[in-house]
Amino acid sequence: MTPPLLPDALNDPVRVGVVGLGYWGPNLIRNLNDLEASELRWICDLDQKRLDTFGRRYPTVRATQEFEDLLADPELDAVAIATPVSTHHPLALAALDAGKHVFLEKPLAASVAEAQELAEVAEDRGLVLMPGHTFLYSPPVNMIRDLIRSGELGDIYFISMSRVNLGLHQSDVSVAWDLGPHDFSILRYWLEDTPSYVSALSRSCVFPTIPDVAFINLEYDGGAIAHVELSWLAPSKLRRTTIVGSSKMIVYDDVSNEPVRIFDSGVMLGAPQSFGEFHLSYRTGDIVSPAMRPAEPLRLEMADFCNAVRTGETPRSSAQLGVEVVRMIEAVDSSLVSAGSRVQVVEEGALAA
Ligand SMILES: NC(=O)c1ccc[n+]([C@@H]2O[C@H](COP(=O)([O-])OP(=O)(O)OC[C@H]3O[C@@H](n4cnc5c(N)ncnc54)[C@H](O)[C@@H]3O)[C@@H](O)[C@H]2O)c1
C-alpha cells in the first residue's frame, strides 16, 4: 500500500489536525505537538470556548469550528478525531474522501457496517485508518502478550477483567460502547481471535435508557473463555485482569505500581489409583513482578500512527482490529436485546441467536 499523501520525505513530520477538544482530544494535541514525527497544524471544535482555551495554549496552530477547513488544506496529511461516537463515521468518511489519513478514537464507528465501510474506503484509497485502541501500546499489555505467545502460560483457560469506577457517565453511549473497546481490543490483541459466542447482562441504573453496568461473557473457538465486568458505578477504581493458563497465571492491575505479577501456580490432576479416586496436586511457586520501562501509551500510539502514514506499514491498532472490536460490542447489544441470550458472532456483522 502506498499512501498518495506520503509526506515529501520519510523524515518530514506528518502534518496533523485534531478534531474534538473535549475530555480526550487535548491528550492527542499534547502528544502530537511534542512528537518530532508530527506537526500540529490545526485544532477544530464546534465549541468556540474550547478553541479559545487551546488556541491560547498553542498560539501557532490554526483554530477553526469548521471541519471542512482542515479538509481544504492541501498541506495537511492527516486528521486525528476525538469526537462523540455518532460523529466518527461521517467525519472520518469525509476526511478519507478528501485524501487525508485518519486516526479515529475508539470505537471506530457506531456499527460494524459503518466501521467496515471506513476500512474499505481507506484500503481502496491507500490511506491509513487507525482506531485509537490505546491499550495496545501499554507496556504491561505487551508484556502479557509476549508471555502468552511464548507459551509460558500454557493453554489459556480463562481471562477475567474488571474495569469499574465512579463515572464518567456518558449521555450518548452505553458502558459497553464506552469502556468495552479497551478490554475487547486487549482480548483481540492477546488471543488474536474474535469470540464465537457472546452473552451479556446489563442495567441502566442512573439514566433510564443508558446501561451503566454490564457483565459480559465471551467464548473462543480455542476453548478460552472470558468475563468482562464494566461499570461507571463502583466505589473504587478497578482495572484488574486475571489470566489463568495451564502452566502459569497472571494478575494485571493497571492502577498498581506492580502492574504485572506472574504466578507460577497451577493444579495437576494425577492418574487415579483406584476407580473414581482423583489426585490433585496444587503448585504455588514463585511470584514474579517484572520491571517495566515507563512509557506513555498514547505517545507510542501517536508515533505508530505517524510511522504508518510515513511508511504505509499497518499500525498495530489496525482498522481490521477496530472492526472486530465493534463486532464484539454489537454482539453484546444483540445479546442484551434478547434478554442476555448467547449469540453467535458471525463474520458479516449479522448475528445469529
Ligand atoms: N483512548 C482512550 O483512552 C479514550 C479515553 C476517553 C475518550 N476516548 C474517546 O474519545 C472520543 C471523545 O470522547 P470525549 O470523552 O473527549 O468526548 P467529549 O464529549 O468530552 O468531547 C467531544 C468534543 O468534540 C466536539 N465535537 C463534537 N462534534 C464535533 C464536530 N462535528 N466537529 C468538531 N468538534 C466536534 C465537542 O464540541 C466536544 O468538545 C470518543 O470516541 C471516546 O470514546 C478515548
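Remember, it's 1-based here, ligands and their atoms both numbered in the order they're listed. What's counted below: heavy atoms across the whole structure, side chains too, no hydrogens, waters or symmetry copies. Owing to the predicted nature of the structure, the values given are computational and were not obtained by experimental measurement.
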Assess whether a salt bridge exists between [X] and [Y], defined as any Lys/Arg side-chain N lying under 4.0 Å from an Asp/Glu carboxylate O.
X    : Y    : value
E229 : R240 : no
K106 : D178 : yes
D12  : R310 : no

Among residues at least two apart in sequence or on other chains, which ones pass side-chain contact (heavy atoms from CB on, under 4.5 Å) with R30?
N27, D34, Y58, E296
Could you give the N/O to N/O pairs under 3.5 Å linking ligand 1 and the protein, each with its distance?
residue	atom	partner	partner atom	Å
ligand 1	1 (N)	E105	OE1	3.1
ligand 1	1 (N)	T134	OG1	2.9
ligand 1	16 (O)	Y23	N	3.1
ligand 1	16 (O)	W24	N	2.8
ligand 1	20 (O)	Y23	N	2.9
ligand 1	34 (N)	L46	N	3.4
ligand 1	37 (O)	D45	OD1	2.6
ligand 1	39 (O)	D45	OD1	3.3
ligand 1	39 (O)	D45	OD2	2.7
ligand 1	41 (O)	T83	O	3.3
ligand 1	41 (O)	H88	NE2	3.1
ligand 1	41 (O)	K106	O	2.9
ligand 1	43 (O)	K106	O	2.7
ligand 1	43 (O)	K106	NZ	3.0

Do the side-chain N and O atoms of R342 and S335 include a donor-acceptor pair separated by under 3.5 angstrom?
no
Here the gap from L46 atom CG to T64 atom OG1, rounded to the nearest 0.5 Å, amounts to 10.0 Å
